[in-house]
Amino acid sequence: MLGSRFRRVILNRPNLRIPFPRQFAERLRGTTVESVARRGKYLTVTLSSGDTLVMHLGMSGWFAVAATGDRTREPDPHDHVLFIMSSGRTIVFNDPRRFGFMDLAGPPSRPKAATARSRRSSRAVSRAEAEPAVDYPSLNALGPEPLSREFTAASLARACRGKRTSLKAALLDQRVVAGLGNIYASEALHDAKLSPLRQALTIATVGGAPRKQAQQLAASIKKVLTNAIRRRESPYGSARFRVYEREGEPCLRQGCGGTIRRITQGARSTFYCPKCQR
DNA sequence: ACCTCGACCTGCAAGC
DNA sequence: TGCTTGCAGGTCGAGG
């Protein structure tokens with residue numbers, strides 16, 4: 001998509017999880033893609049018009065890329081959106097459970113003046129791509145990227161300060177850390193030997209340095225995500241996890257001998273080992 | 001302001 | 001065999 005134009009946009013239905021914005025196809029058509037990025041679980045595509053296409057895969061959404069007119073790919077009833085690009089390729093958004101969405105954000109009303117703070121942090125990530133300016137509430141609320149230098153034991157501890165919810169619920173809160181979902185929240189807590197039932201504030205900073213639990217948890221989040229990306233893990237493939245979906249099976253931690261339990265927290269299932277996770 | 005919970009959606013598995 | 005029911009996931013808004 002990068003550098004090419006939307007020649008045609010086909011919507012096979014009026015909505016995904018939410019309705020498409022007004023004039024969605026019309027606003028995309030003819031614009032050139034200037035950048036493609038990810039923030040948390042959101043995908044952002046900045047356009048020459050100043051608009052930003054904001055997309056989310058939900059849980060079952062994915063993209064297929066094919067040469068335009070290629071008949072090799074069988075049309076599927078869950079092909080909801082087609083982007084026909086000037087590059088000669090068609091990008092198909094397929095989402096059986098329709099939990100994904102697409103939306104458009106206009107350009108920021110006022111161009112963001114670089115504050116002292118943002119100048120400092122942008123230097124800290126100078127090797128990363130500059131984040132495209134977009135004003136979109138769900139994006140504005142996101143916490144730090146877990147694999148960035150902004151996400152540290154200190155930032156995690158700060159985000160947990162005063163939080164009376166469970167540690168598991170805190171990890172799913174995208175304001176604490178962006179992009180962690182239900183599976184890897186369980187996995188990270190197991191790796192860090194921390195109980196999902198513990199109150200989030202118990203790992204927070206009180207006065208000085210972050211507690212060792214925050215240090216461990218931040219490291220485990222980075223480790224678990226880095227491994228998942230490297231191994232291209234997905235719950236739809238053959239991936240097996242250390243605790244997720246392993247209720248009743250033995251804990252895989254060396255010498256632990258505990259049994260994985262499944263509990264419900266905030267209407268979502270959590271898997272953990274009651275023996276080694278404290 | 002914080003927190004919990006249900007709605008959204010559909011494929012699949014379990015139970016009758 | 002064929003039906004119903006429940007569950008999974010991420011986000012958001014209603015209500016406590």
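Source: prediction; values computed, not measured. So that the names make sense, note that chain A is the first sequence line, chain B the second, and so on, each numbered from 1.
- Checking the phosphate oxygens (OP1, OP2) of C:dT11, a side-chain nitrogen or oxygen of A:K41 falls inside 4.0 Å.
- A:Q277 contributes atom CD, which lies 7.0 Å from atom CZ of A:R253 (distance to the nearest 0.5 angstrom).
- Using a 4.0 Å heavy-atom criterion, one finds that A:R268 contacts the bases of the nucleic acid, with or without backbone contacts as well.
- Note: CG (A:D173) to C1' (B:dC3) measures 10 Å, nearest angstrom.
- Within 6.0 Å of the CZ atom in A:R175, the count of heavy atoms belonging to other residues, nucleotides or ligands does not exceed 12.
- As a whole-Å value, the separation of A:K168 NZ from B:dT4 C1' is 14 Å.
- Residue A:N182 places its side chain closer to C:dG10 than to any other of C:dG10, B:dC3, C:dA8.
- A straight line from CG of A:L201 to P of B:dC3 spans 9 Å, rounded to a whole angstrom.
- Look at CG on A:L16: it is 15 Å from P on C:dT11, rounded to the nearest Å.
- Taken from OH in A:Y42 to CZ in A:F101, the straight-line distance is 5.0 Å, to the nearest 0.5 Å.
- Under the 4.0 Å criterion applied to side-chain N and carboxylate O atoms, A:D173 and A:K163 are assigned as salt-bridge partners.
- The phosphate of B:dG11 (OP1 or OP2) has a side-chain N or O of A:H78 nearer than 4.0 angstrom.
- The structure places CD of A:E34 at 9.5 Å from OG1 of A:T52, a figure rounded to the nearest 0.5 Å.
- If you take CD1 of A:I18 and P of C:dC12, they are 9 Å apart, rounded to a whole angstrom.
- A:H56 places its NE2 atom 4 Å from the P atom of C:dT11, with the value rounded to the nearest Å.
- Side-chain proximity of A:M59 to B:dC3, B:dG11, C:dG9: nearest is C:dG9.
- The nucleotide whose nearest atom lies closest to any side-chain atom of A:S269 is, among C:dG9, C:dC12, B:dT4, C:dG9.
- A donor-acceptor contact under 3.5 Å links the side chain of A:R97 to the base of C:dA8.
- Side-chain N/O atoms of A:R98 include one lying less than 4.0 angstrom from OP1 or OP2 on B:dT10.
- In this structure C:dC12 sits in a base pair with B:dG6, meeting the Watson-Crick or G-U test at under 3.5 Å.
- One finds a side-chain N or O of A:Q174 lying less than 4.0 angstrom from the OP1 or OP2 phosphate oxygen of C:dT11.
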